Engineer: 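Below is a structure I'd like to ask you about.
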Amino acid sequence: MISFEMNDRKKIGLGLTGFGVFFSFLGVIFFFDEGLLAMGNILFISGVTLTIGLKSSMQFFTKRSNFKGTISFALGFLLVMIGWPVLGMILEAYGFIVLFSGFWPTLAVFVQKIPVLGWVFQQPFVRSFFDSYRGKRVPV
C-alpha cells in the first residue's frame, strides 16, 4: 500500500493549488478578468510544484509524452499574462486535460470516499463512465 505523507510543505501546496483553482474560477465568472486569471495561474503552478516537489514537477512537465500539454498550457499561461485571457484559457484548458488526463480515475476513487459527494460518484452511471477511462490516456 502506498502511503501519502502529509507534511507542512504539501499542505501549503494543496492550499495554493485550491486557491489557484478558486481564483481561476472567479476570473472566468467575472468575464475573463485578467488579474484573477493570472493570480489563479500563478497560485496553481506554485501549489502543484510545492505539493509534488520541484524535481518531480520538472520531470512531469518535461516528459516526452506530456510535451503537447505542457506547451499548450505554457502558451495559454503566457497569453493570459499578456492580456488575451479567452484564448489563453482555451489553450490552458486543453493543456490541463492532456496533462492530467491520467489522474481522473485516481481522482474518481478519492471523490467516491468523500461523505456527501461520494454518494453521487458511486451511482452506477457515473461509475461506469470513470471505469471506461481507467488506465487510458486521452488521445491527442
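Since the structure is predicted, the reported quantities are computational estimates derived from the model, not experimental observations. All residue numbers in this chain count up from 1 along the given sequence.
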Engineer: Can Ile29 be reached from Val21 by stepping across I, L, V, M, F, W or Y side chains whose heavy atoms are under 4.5 Å apart?
Structural biologist: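 Val21 and Ile29: separate clusters.
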Engineer: Do side-chain atoms of Ser72 reach the backbone of Tyr94 as a donor and acceptor pair under 3.5 angstrom?
Structural biologist: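 Such a contact is absent between Ser72 side chain and Tyr94 backbone.
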Engineer: With side chain to side chain contact (heavy atoms under 4.5 Å, CB included) as the test, would you mind laying out the steps for Ile45 and Phe73 before giving the verdict?
Structural biologist: CA-CA 11 Å; Ile45 295 295; Phe73 191 84; 3.3 Å; yes
Engineer: Under 6.0 Å from the CZ atom of Phe19, do we count more than 12 heavy atoms belonging to anything else shown?
Structural biologist: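 Not more than 12 within 6.0 Å, no.
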Engineer: Hey, what do you get for OG1 (Thr62) to CZ (Phe67), rounding to the nearest 0.5 Å?
Structural biologist: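 The OG1 atom of Thr62 sits 6.5 Å away from the CZ atom of Phe67.
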Engineer: Quick check for you: to the nearest 0.5 Å, what is the distance between Phe96 atom CZ and Leu91 atom CG?
Structural biologist: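 Interatomic distance, Phe96 CZ to Leu91 CG, rounded to 0.5 Å: 15.0 Å.
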Engineer: Supply the atom-to-atom distance Lys10 NZ to Thr51 OG1, rounded to the nearest 0.5 angstrom.
Structural biologist: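 Answer rounded to 0.5 Å: 8.5 Å.
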Engineer: I would like to know whether Phe60 and Phe100 meet ring pair (Phe, Tyr, Trp, His ring centres under 6.0 Å); could you show each step before the answer?
Structural biologist: CA-CA 10 Å; Phe60 176 74; Phe100 297 107; 5.5 Å; yes
Engineer: Once you round to the nearest 0.5 Å, how far does OG1 of Thr70 lie from CZ of Arg64?
Structural biologist: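 So the gap between those two atoms works out to 12.5 Å.
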Engineer: In terms of hydrophobic clusters joined by side-chain contacts under 4.5 Å, are Phe32 and Phe25 together?
Structural biologist: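 No.
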Engineer: Quick check against the 3.5 Å criterion: does Thr49 have a side-chain atom that pairs as donor or acceptor with the backbone of Leu54?
Structural biologist: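 No; zero donor-acceptor contacts below 3.5 Å.
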Engineer: How far apart are the C-alpha atoms of Met6 and Leu14, what are their side-chain angles, what is the distance that settles it, and do they pass the side chain to side chain contact (heavy atoms under 4.5 Å, CB included) test?
Structural biologist: CA-CA 10 Å; Met6 190 62 111; Leu14 287 173; 3.2 Å; yes
Engineer: State plainly whether one hydrophobic cluster holds both Val48 and Phe22, where clusters connect Ile, Leu, Val, Met, Phe, Trp and Tyr through side-chain heavy atoms under 4.5 angstrom apart.
Structural biologist: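 Hydrophobic grouping puts Val48 apart from Phe22.
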Engineer: Walk me through it: do Val28 and Met89 pass the test side chain to side chain contact (heavy atoms under 4.5 Å, CB included)?
Structural biologist: CA-CA 9 Å; Val28 170; Met89 287 306 293; 4.2 Å; yes
Engineer: May I have the step-by-step check of side chain to side chain contact (heavy atoms under 4.5 Å, CB included) for Thr17 and Leu43, ending in yes or no?
Structural biologist: CA-CA 6 Å; Thr17 304; Leu43 289 171; over 6 Å; no
Engineer: Determine whether Phe103 and Phe44 fall in the same hydrophobic cluster, where Ile, Leu, Val, Met, Phe, Trp and Tyr are linked whenever their side-chain heavy atoms lie under 4.5 Å apart.
Structural biologist: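 Same hydrophobic cluster.
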Engineer: Which atom pairs, donor and acceptor, lie under 3.5 Å between side-chain atoms of residues 33-42 and protein residues at least two apart or in another chain?
Structural biologist:
unit_1, atom_1, unit_2, atom_2, d
Asp33, OD2, Leu36, N, 3.0
Asn41, ND2, Leu37, O, 3.4
Asn41, ND2, Glu92, OE2, 2.8

Engineer: Hydrophobic clusters here meaning ILVMFWY residues chained together by side-chain heavy-atom distances under 4.5 Å, can you tell me if Ile71 and Met81 are in one?
Structural biologist: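 No: no chain of side-chain contacts under 4.5 Å links Ile71 to Met81.
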Engineer: Return the CG to CD1 distance between Leu75 and Ile90, rounded to the nearest 0.5 Å.
Structural biologist: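 That separation rounds to 13.5 Å.
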